[in-house]
Structures are given as C-alpha cells and as structure tokens.
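Start at 1 with the first residue, then count along the sequence. Here the structure is a predicted model, which is why all the values come from computation and not from measurement.
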Amino acid sequence: MATLRSPFRYDFVGSFLRPQAIKTARAEFKAGEITREQLTAVENEQITLLIEKQKRAGYHAITDGEFRRSYWHLDFMWGFAGIDEIELDHGYYFQGEETTHGSIRVSGKISGENHPFVEHYKFVKQFEDENCIARQTMPAPAQLLAELYREDNGKNTDAVYPDHEQLLQDIAALVAIDSVEGTPEEGAPFGAGPRAALDKTLELAAGMGFATRNCENYIGYAELAGADPEKYLATICHVDVVPVGNGWTADPFKMRIQDGWLLGRGVSDDKGPMIVTLYALKFLKEQGYQLRYPIRAIVGDNEETHMNDVKYYLENYPAPVFCFTPDAEFPVCNGEKGHFGGKIVSPVCNGVIAEFEGGVANNAVPDRASALVKTDIRKLKNAPNITLEPEGDGVRVRGWGKSGHAAMPEGTVNAIGLVVDYLLDNGLCNDAERAYLEALRKLHSSTAGTGLGIDCADGPFGPLTIIGGRIYMEDGKLVQTIDSRFPTCTNGEKLTAQVTAALGDGAKLEDVDAAEPFYIAADSPAIRACIDTYNEVTGENATPFTMGGGTYARHFPYAVSFGPEHEDVKLPEFGGPMHGANEAAPIDKLLEAVKIYILALLRLEEIDF
C-alpha cells in the first residue's frame with residue numbers, strides 16, 4: 001500500500017496521447033466488428049504498458065492516460081444515472097478546431113451508483129507500490145453544471161430540478177416593500193423602508209440556512225462558511241430603490257409577471273439580483289461545497305443616494321479580498337466614470353414663474369415636468385410634447401419626455417428641458433428668470449455637455465454625460481440638480497470651473513460633490529475568472545467594459561460590477577428600464593445569472609488572493 005502524498009515536486013495531469021491500438025479498437029467497436037469485452041481487453045493491455053512507462057520515468061502518480069475516454073469530461077458525466085448522452089449540432093471550438101458534438105441531458109435525478117469510473121480506478125490501483133499511487137482525473141462540479149445548461153440542455157435540467165417559483169416569490173416579497181430613502185429614525189438610519197427591506201432580505205437568507213448579521217442597521221450580510229479565517233469573497237447588492245415617479249400602469253410595489261418578464265420597482269435594480277445571488281449561494285450550500293474562502297452576500301440599503309451603508313461597512317468591518325456587485329450589465333464592468341453632482345440655483349426672481357417642478361431623483365432623466373406661470377393661455381401657442389392647462393390666474397405648462405438612467409441618457413428626452421425651452425421661446429419670464437433659464441438651456445441642450453463646454457472623451461471610458469435630474473423652488477429660488485459621469489480627461493475641479501463660467505451671472509453652482517473614475521486591469525485574475533465564466537455559459541466572446549454608472553464597486557479595494565443586465569436584450573413595449581416606469585427584468589436572464597454566479601464564485605475560490 002502506497003503512503004505517498006501528492007502533489008509531488010514534478011507532476012502531470014494524467015492524459016496521454018492515444019496509441020494506434022486504442023484508436024483502431026475504438027473504430028472497430030463503433031463499426032460493430034468487435035465486442036465491448038474485446039475493446040476493454042485492448043484498453044487494459046495498453047493502459048498496463050503505459051503504467052510501466054510511467055514507473056520507469058520515475059513518476060509517483062500513475063494513471064490510465066484517459067485511454068478509456070473520448071472526452072476528458074463528458075465520459076465521466078455519461079457514467080451518472082439520470083444523465084443521457086446526446087449529440088448537439090456543433091462541438092466545442094478550440095484554436096479554430098471543432099470537437100465532436102457530444103453533450104449531456106438530464107433525464108432524472110442524478111446519482112453515482114455503478115459509475116464505470118470506479119472500476120477504471122480499481123484497475124489502475126492494482127499497480128500501486130511503495131513508490132507510486134493511483135490517480136484519476138475528473139471534471140469539477142462546476143464543469144458538470146456548465147454542461148447541464150449548455151445550449152438548450154438547461155430546459156431539461158430545470159424540469160428535473162425546479163426552483164424557480166420560490167425564487168420569484170422571494171423577489172416579489174422584496175419588491176412589495178417601499179424602500180425609498182426616508183427620514184432617519186432610531187434603528188433606521190436611512191428610513192423605515194430601507195430598514196424593512198434589509199430585515200426582509202436577512203430573514204430570507206436565514207430561511208435558506210445562512211448565518212446572517214445586521215451591521216448596526218446600516219447594512220447586513222449572509223455568509224456561507226469557508227476555511228480561511230481572515231479572507232473572504234463577497235457579492236453586494238442593494239435593496240433600496242429610487243422613487244416611483246410617474247407613468248406606471250400598475251402598482252409598482254406589487255410584482256407582476258407578463259410574457260416572461262418581471263415588472264415592479266427593483267426587479268432589475270437591485271432586488272431581483274439580490275435574490276439571485278442568495279440562490280447562487282444556496283446552491284453551493286445545498287451541494288455541500290467545501291469552500292476555501294467564506295462568501296458573504298452583502299445587503300446594502302443606501303446605494304441610490306449616498307452609499308453611506310457601504311462606507312459604514314468598510315469603516316467597521318474588513319474588506320473582502322474580492323467583491324462583485326450585480327448592479328450593472330454583463331459581461332464585466334471593470335471601470336466606472338467619475339461622478340460630478342451639484343445644484344444650479346437662481347436668485348430670488350419674483351417674476352412670472354410661480355412654480356417649477358420636475359423629476360423624482362437626481363440620477364434619473366425625468367419624463368415629466370411642469371411650471372405654473374402668470375399669463376393668459378390665449379396668448380400661448382402649442383408645441384411638441386407640451387400641454388397647456390388653465391390653473392387659477394395662470395397656466396400650467398407641462399413637458400412630456402422619456403425617462404432613463406443618468407449614466408445612460410442616450411435616447412431619453414428630459415421633460416425639464418422641454419419646459420425650459422417653451423418658457424424662453426414664449427417670453428414667459430422676467431430678466432432674472434431669463435438669465436437663469438438660459439443657463440439651464442445650456443445644460444439641457446446636450447447630454448454630452450457641449451452646451452456647458454465640458455464635453456470630452458477618452459479611450460477607456462468614452463464621452464462625458466450630464467443630465468438635470470430634479471427641479472424645484474425653495475425659498476423663492478429655482479434649484480436644478482445635475483448629475484454628470486466623466487472620463488479621465490477631466491476632473492471635479494475642472495468641471496466646477498467650467499460649469500461656473502458657462503452659467504454666467506444668472507445662476508450659481510452650489511453643493512458640488514465629485515468622485516474620480518476607477519479602473520481595474522482587465523487581465524487581473526478575478527476579472528478573468530468572471531469574464532471567462534460568462535463566456536463559457538453564454539457561448540460569447542465578450543470582453544470587459546467600462547461605464548458611466550456608479551456602483552458599490554468603486555468603494556472596495558478590488559471589485560467590479562458583474563451583470564445581470566444585458567445591453568442587447570430589448571425591452572418589451574409594456575416594460576421600462578431601471579429607474580423608469582414599469583421597471584422590467586427578463587426571468588430567463590435572471591435564472592441564467594444564477595448559473596453564472598455559481599460558476600464564477602467557484603472559479604474565484606481557486607485564486608490565491
């Protein structure tokens with residue numbers, strides 16, 4: 001009996017080139033010219049010769065060279081009960097070469113009794129001595145999972161192992177909570193709604209068997225145990241949401257399912273992904289994986305406004321060695337533009353404009369806005385996307401635009417800009433108001449910042465963007481919030497100077513805040529693990545990208561955003577984007593994300609951090 005322990009100072013995987021005798025016997029067996037027993041006899045003879053060569057070479061591990069396999073992984077999978085051997089219409093592609101078309105399909109519950117590889121291993125083990133031990137290679141469980149969902153295989157897998165209904169019910173339970181930031185309360189630093197969503201998420205995680213922790217009501221996490229006492233991996237999602245806004249066709253806090261889509265506030269940003277990550281960890285737990293690093297699913301509840309939740313966490317808890325946040329698009333975002341925000345404020349004008357309101361969030365393009373002006377409606381003319389309504393002694397001028405996220409304003413129509421243009425074009429302002437509105441016209445004339453003279457672009461990040469999110473009156477002054485996402489060719493100090501100069505004397509720039517861009521090299525090990533997993537599951541050849549959105553990733557030492565949105569998935573007519581009305585998320589892509597996150601986490605577990 002050998003007492004050696006691997007790995008050795010020199011080693012090999014265990015796969016060797018097939019000798020001609022094996023190839024000939026395989027072809028004859030396939031043609032029906034020899035029996036299975038005769039093929040096995042040839043394999044045994046050639047494996048015995050190979051083992052003698054391994055021993056003479058001085059190797060301490062002996063293998064059968066995988067002489068009994070046609071693939072390094074599929075033959076192992078075909079040996080399980082509940083798995084059928086099938087042929088797809090194409091094979092794998094490596095360096096321009098295509099393999100044969102074999103794959104697997106689940107036909108029942110998977111089990112390992114009478115697996116042929118047991119006898120294969122016993123055959124090699126009989127040749128052990130004091131200098132060598134038998135070894136057999138097999139694919140990782142993650143490889144089996146990937147094959148179970150390759151092409152259309154997932155339909156059978158899901159039919160045998162359904163878990164979707166409970167996942168959707170858990171998303172609905174979170175969507176039901178109005179978790180817009182509220183007034184701070186005792187035990188609820190971001191308001192009652194975010195605290196309720198935090199509690200509910202931890203409750204769901206505990207029900208799945210995870211250890212959970214509420215971090216002093218600022219943030220929380222569910223943890224799957226691992227061997228390393230100091231280092232851990234993490235995912236982080238948020239369960240707070242932006243205000244509802246206008247244009248919904250149903251209750252935003254009652255999740256609906258229509259034609260394979262979820263609809264409700266937070267289904268895509270970010271309550272749906274929060275549940276998706278919990279189910280990825282749930283799979284790892286139920287399958288009994290022994291993890292090298294613990295994995296925390298961190299639950300944030302202040303992402304949409306100030307991210308004070310994650311600031312508190314990093315000030316009071318050690319940071320993960322790597323973290324990804326499912327709060328953007330696939331494949332992998334390894335860089336985020338800088339963020340520049342502030343308010344454009346008018347003087348007290350005492351003019352024609354009695355009220356001006358629009359927008360529900362600083363980081364969303366508003367789809368409607370209105371101004372109450374002191375004038376006679378008979379003097380006014382119609383304009384596209386503008387409606388006029390008599391109100392008291394004046395007229396309510398309403399603008400109707402198209403909403404969207406501040407980081408992706410292409411294709412949106414800012415309703416505030418529509419009203420600003422109408423007021424200026426029709427002289428509905430005094431001199432002070434005109435000077436202020438002219439400043440706003442510069443802002444709203446282009447989401448690239450050309451009107452303010454701040455437009456710029458660079459290679460990694462592309463062009464700067466800027467939008468006006470909310471407008472309101474406060475103490476007799478008009479206040480317009482701005483939200484800009486900028487590349488590395490500018491900075492907060494430069495933008496402050498440029499915007500201030502562009503506004504002129506009619507408006508002031510106040511309450512400025514800025515955060516610089518961040519970027520992680522695309523070839524770093526953790527980013528490669530994520531992008532390789534995505535490409536393996538989807539069959540794509542995608543590469544990492546940068547974006548204008550701001551996520552939790554920028555606050556961690558080593559982090560990226562990683563799905564689950566897909567830029568190429570077109571929204572249905574009844575669905576809207578994140579931050580918009582009728583926010584929608586495709587069920588099939590959320591379920592695909594579960595698989596991607598499972599495999600990515602297993603890959604990340606193999607990295608030496």
Original post:
Counting distance only, does the side-chain N/O of D240 pair as donor-acceptor with the main-chain N or O of E181 below 3.5 Å?
Top reply: no
Original post:
For the atom pair CD1 (I416) and CD (Q480), what is the distance rounded to the nearest 0.5 Å?
Top reply: 4.5 Å
**OP:** I would like to know whether F322 and V560 meet side chain to side chain contact (heavy atoms under 4.5 Å, CB included); could you show each step before the answer?
**Re:** CA-CA 9 Å; F322 179 73; V560 295; 3.7 Å; yes
Original post:
Is the side chain of D309 donor-acceptor paired with the backbone N or O of N302 at a distance under 3.5 Å, no angle test?
Top reply: yes
**OP:** May I ask you to test the T249-R256 pair for a side-chain heavy-atom distance under 4.5 Å?
**Re:** yes
Original post:
Is any side-chain heavy atom of E583 closer than 4.5 Å to a side-chain heavy atom of W248?
Top reply: yes
Original post:
Does A297 offer a backbone N or O that forms a donor-acceptor pair with the side chain of T277 under 3.5 Å?
Top reply: no
Original post:
Has the side chain of S445 got a donor or acceptor atom that lies under 3.5 Å from a matching backbone atom of K442?
Top reply: yes
Subject >> CG-CD1 distance between D511 and I344, expressed to the nearest 0.5 angstrom >> reply: 12.0 Å
**OP:** Determine the interplanar angle of the F556 and Y313 rings, folded into 0 to 90°, and report it as parallel if under 30°, tilted if 30 to 60°, perpendicular if over 60°.
**Re:** tilted
Original post:
Do R528 and D523 meet the salt-bridge criterion of a basic N to acidic O distance under 4.0 Å?
Top reply: no
**OP:** Begin with the C-alpha distance, continue with both residues' side-chain angles, and end with the deciding distance and a verdict on side chain to side chain contact (heavy atoms under 4.5 Å, CB included) for I471 and L440.
**Re:** CA-CA 10 Å; I471 193 167; L440 294 193; 3.8 Å; yes
Original post:
So I386 and L418, side chain to side chain contact (heavy atoms under 4.5 Å, CB included) or not? Walk me through it.
Top reply: CA-CA 7 Å; I386 292 290; L418 294 175; 4.2 Å; yes
**OP:** For E573, look at atom CD and say whether over 12 heavy atoms of other residues, nucleotides or ligands are found less than 6.0 Å away.
**Re:** no
Original post:
What closest approach, in Å, do P273 and V267 show between heavy atoms, and which atom pair accounts for it?
Top reply: CD-O, 3.6 Å
Subject >> Pairwise distance CD1(I295) to CG(L604) - rounded to 0.5 angstrom >> reply: 8.0 Å
Show me the donor-acceptor pairs within less than 3.5 Å that the side chains of residues 399-408 make with the rest of the protein, sequence neighbours left out.
{"unit_1": "W400", "atom_1": "NE1", "unit_2": "T387", "atom_2": "OG1", "d": "3.0"}
{"unit_1": "H405", "atom_1": "ND1", "unit_2": "A407", "atom_2": "N", "d": "2.9"}

**OP:** Assess whether salt bridge (charged side-chain N to carboxylate O under 4.0 Å, His left out) is satisfied between R603 and E536, documenting all intermediate values.
**Re:** CA-CA 12 Å; R603 268 204 170 106; E536 181 179 288; 3.0 Å; yes
**OP:** Give the minimum heavy-atom separation between S268 and A585, together with the two atoms involved.
**Re:** CB-CB, 4.0 Å
Original post:
Hey, is CG on N382 packed in by over 12 heavy atoms from elsewhere, all under 6.0 Å?
Top reply: no
**OP:** May I ask you to check whether over 12 heavy atoms, not counting those of E389, lie within 6.0 Å of atom CD?
**Re:** yes
**OP:** Find the distance between OG (S370) and CD (E391) and round it off to the nearest 0.5 Å.
**Re:** 8.0 Å
Original post:
What's the verdict on side chain to side chain contact (heavy atoms under 4.5 Å, CB included) for V397 and N426, showing C-alpha distance, side-chain angles and the deciding distance?
Top reply: CA-CA 11 Å; V397 179; N426 290 273; over 6 Å; no
Original post:
Is a side-chain N or O of E433 found less than 3.5 angstrom from the main chain of C349, in a donor-acceptor match?
Top reply: no
Subject >> OH on Y436 to CG on L424, rounded to 0.5 Å >> reply: 12.0 Å
**OP:** Would you mind checking if E510 and K477 are paired as a salt bridge, meaning a charged N to carboxylate O distance below 4.0 Å?
**Re:** no
**OP:** Would you list the pairs meeting side chain to side chain donor-acceptor pair (under 3.5 Å) in which at least one residue belongs to residues 586-600, sequence neighbours left out?
**Re:** none
**OP:** Just jot down the ring pair (Phe, Tyr, Trp, His ring centres under 6.0 Å) partners of Y218, sequence neighbours excluded, or say none.
**Re:** F190, Y312
**OP:** Mind listing the closest non-hydrogen atom pair of L571 and A584 along with its distance?
**Re:** CD2-CB, 4.3 Å
Original post:
Are there more than 12 heavy atoms of other residues, nucleotides or ligands under 6.0 Å from atom CG of D568?
Top reply: yes
**OP:** Salt-bridge test for D425 and R441: reply yes if a basic N is under 4.0 Å from a carboxylate O, no otherwise.
**Re:** yes
Subject >> Validation row: L233, V321 side chains within 4.5 angstrom (heavy atoms) >> reply: yes
Original post:
Just wondering, do L590 and L262 contact through their side chains at under 4.5 Å, heavy atoms?
Top reply: yes
Original post:
So which pairs with a foot in residues 453-466 pass side chain to side chain donor-acceptor pair (under 3.5 Å), sequence neighbours left out?
Top reply: D458-T488
Subject >> Side-chain donor/acceptor of E474 to backbone N/O of V479, under 3.5 Å >> reply: no
**OP:** Inspect the surroundings of NZ in K374 and state if more than 12 heavy atoms from other residues, nucleotides or ligands are less than 6.0 Å away.
**Re:** yes
Subject >> Nearest non-hydrogen partners of I219 and G300, listed with the distance >> reply: CG1-CA, 3.9 Å
Could you pull out all donor-acceptor pairs under 3.5 Å where a side-chain atom in residues 323-340 meets a protein atom, sequence neighbours excluded?
{"unit_1": "T325", "atom_1": "OG1", "unit_2": "I236", "atom_2": "O", "d": "2.7"}
{"unit_1": "D327", "atom_1": "OD2", "unit_2": "H238", "atom_2": "NE2", "d": "3.4"}
{"unit_1": "N334", "atom_1": "ND2", "unit_2": "I520", "atom_2": "O", "d": "2.7"}
{"unit_1": "E336", "atom_1": "OE1", "unit_2": "T551", "atom_2": "N", "d": "3.0"}
{"unit_1": "E336", "atom_1": "OE1", "unit_2": "R554", "atom_2": "NE", "d": "3.4"}
{"unit_1": "E336", "atom_1": "OE2", "unit_2": "T551", "atom_2": "N", "d": "3.3"}
{"unit_1": "E336", "atom_1": "OE2", "unit_2": "T551", "atom_2": "OG1", "d": "2.3"}
{"unit_1": "K337", "atom_1": "NZ", "unit_2": "P463", "atom_2": "O", "d": "2.2"}
{"unit_1": "H339", "atom_1": "NE2", "unit_2": "D483", "atom_2": "OD2", "d": "3.3"}

**OP:** Would you indicate whether the side-chain heavy atoms of E304 and D269 approach each other to under 4.5 Å?
**Re:** yes
Original post:
Is N491 reaching over with its side chain to a backbone N or O of E493, donor-acceptor style, under 3.5 angstrom?
Top reply: yes
Subject >> Any side-chain heavy-atom pair of L464 and S484 under 4.5 Å >> reply: yes
Original post:
What pairs with Y519 under ring pair (Phe, Tyr, Trp, His ring centres under 6.0 Å), at least two apart in sequence or on another chain?
Top reply: none
Original post:
Atom CD1 of I596 and atom OG1 of T538: how far apart are they, to the nearest 0.5 Å?
Top reply: 6.5 Å
**OP:** Identify the two heavy atoms, one from P544 and one from A522, that lie closest to each other, and give their separation to 0.1 Å.
**Re:** CG-CB, 3.9 Å
Subject >> Side chain to side chain, F253 and V244, heavy atoms closer than 4.5 Å >> reply: yes
Subject >> Main-chain N/O of V175 paired with R265 side-chain donor or acceptor, under 3.5 Å >> reply: no
**OP:** Grab the two heavy atoms, one from G550 and one from M307, that are nearest each other, plus how far apart they are.
**Re:** O-CE, 3.6 Å
Original post:
Got S561 and M547 here, is their nearest side-chain heavy-atom distance under 4.5 Å?
Top reply: yes
